[in-house]
Q: 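The structure follows.
By convention in this document, chain letters (A, B, ...) are assigned in the order of the sequence lines, proteins followed by strands, and residues within each chain are numbered from 1.
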Number of protein chains: 2
Amino acid sequence: MDFKVPNTLAEQIANYLAERIMIGQIQPGKRIQEATLATELKVSRASVKEALYTLERWHLVEITPRKGAAASKLDANHASELYDVYMHLLMMLAARLCVRWQDSDRDRMLAVVDSAVAQMREPSADITAVVEASFEVMEACCELVGNPYLTEALSNFKPAVSRAYYLSAERYRHGLTETSEFFTRLPQAVLARDVAQAQALIEAFAEHQKKMIQRALSSA
Amino acid sequence: MDFKVPNTLAEQIANYLAERIMIGQIQPGKRIQEATLATELKVSRASVKEALYTLERWHLVEITPRKGAAASKLDANHASELYDVYMHLLMMLAARLCVRWQDSDRDRMLAVVDSAVAQMREPSADITAVVEASFEVMEACCELVGNPYLTEALSNFKPAVSRAYYLSAERYRHGLTETSEFFTRLPQAVLARDVAQAQALIEAFAEHQKKMIQRALSSA
């Protein structure tokens, strides 16, 4: 579930904590004590602090000056607002991708989508693997579009969006047919450079996902 | 030019450095040495480190693990990609605002817009004051919309967008008539709850601003 090859100790701590927050082992709202964590992991407080800033950027932790850090809230309302911004960034990504992709990108785009769709069609699909595969599609698109600010904003949302998926994993599993359908139709719109259609597909799919997550969190 | 009342030492350092980067006193690409800065400002390296993370979130600094920090690049191409994402977030903000504002919000919305337009119409308009006043409009809209993720993303872009304005200040001054025109027409669309018109106004104005910034940076 790591987001990239960890480079520094702080990044390893951030990934470790991110996973625990995402799968709900650290509950929304729970305080995260710098000193306790440093002792527990046998690392310096400075490394923990650095990790907490990364988690704040990933929307998984809220840091209040002089009060400390806590796992960020994730109720149905927060999830809905989060997904709303994420959806808009994806729509922008799709619009730019429709314009910017070049003939030499076609095979790579299709390969990464095919691999994601194959995961989703597995009868015993592993949710973690499916979520990771969908993000790989997003990341491949980010690379092709080449807007560093958009890439950063989307990658900062990835952990919080994953967390919303994991918290509604059972419902997510039931929606896999719709997910693989979406990932099959989207590349067709992009290859046709049909911005309106690509954005309409994203909007419809994201609204569906948002409702599913909201229902899962409301009944939690 | 401070973004909020500084709470901590790290925030004060971040604001101080942000201002120097925004007005170009620290040039794009310039290395920022943690140790040198700590000595210069008579503060701890930990506080400088914390400030640099804030500046990274504000897109003003790039931190490379084990290499250190440098003022982020801002050439015509970067400015254009930056402004593109910022514009999309503003369009989302406007769409949500059109739906969510309530009768009790009307007076406050109009007051903050009027105050910005008054600044722009001053014959000897101060660019810093105009930029700040425009952001106050954006922030008032963020409060009304109440999406914490969108608010955070927009406020993180504010320093980098300001920097682009300051670097093209002379051209910005010449465009003030268009700016005040935009700020006069936008509230009409929002009050009419006309999402398409509000987004079209933002898109047209942002494309104009983007071109102006690109020209200024290309000729720099």
Q: May I ask you to test the B:Glu56-A:Arg57 pair for a side-chain heavy-atom distance under 4.5 Å?
A: yes
Q: Would one find more than 12 heavy atoms of other residues, nucleotides or ligands at under 6.0 Å from atom CZ of A:Arg185?
A: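 12 or below, so no.
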Q: Under a 4.5 Å heavy-atom cut-off, does chain A meet the side chain of B:Phe157, its backbone, both or neither?
A: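 Contact with chain A is through the side chain of B:Phe157 alone.
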Q: Taking only heavy atoms into account, what residues of residues 36-43 of chain A are found under 4.5 Å from chain B?
A: none
Q: Measuring from B:Glu81:CD to A:Thr151:OG1, what's the distance to the nearest 0.5 Å?
A: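 It comes to 9.0 Å.
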Q: Please look at B:Asp84 and chain A and tell me whether the side chain, the backbone, both or neither of the residue comes under 4.5 angstrom of a heavy atom of that chain.
A: both
Q: What are the two closest non-hydrogen atoms of B:His78 and A:Tyr149, and how far apart are they?
A: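 Answer, listing the atom of B:His78 first, then A:Tyr149: O-CE1, 3.3 Å.
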Q: Who wins among A:Lys49, A:His88, A:Glu152, A:His59 for the most heavy-atom pairs under 4.5 Å with chain B?
A: A:His88
Q: Residue by residue, scan residues 195-208 of chain A and write down, ordered by number, those that have a heavy-atom distance under 4.5 Å to chain B; if none do, write 'none'.
A: none
Q: Rounded to the nearest 0.5 Å, how far apart are CG of B:Leu82 and CG of A:Leu150?
A: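 Going from CG on B:Leu82 over to CG on A:Leu150, the span is 11.5 Å.
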Q: Give the member of A:Met91, A:Met92, A:Arg96 that has the highest number of heavy-atom pairs under 4.5 Å with chain B.
A: A:Met92
Q: Looking at B:Leu89 and A:Val85, what are the two nearest heavy atoms and their distance?
A: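 Of all heavy-atom pairs spanning B:Leu89 and A:Val85, the closest is CD2-CG1, 4.4 Å.
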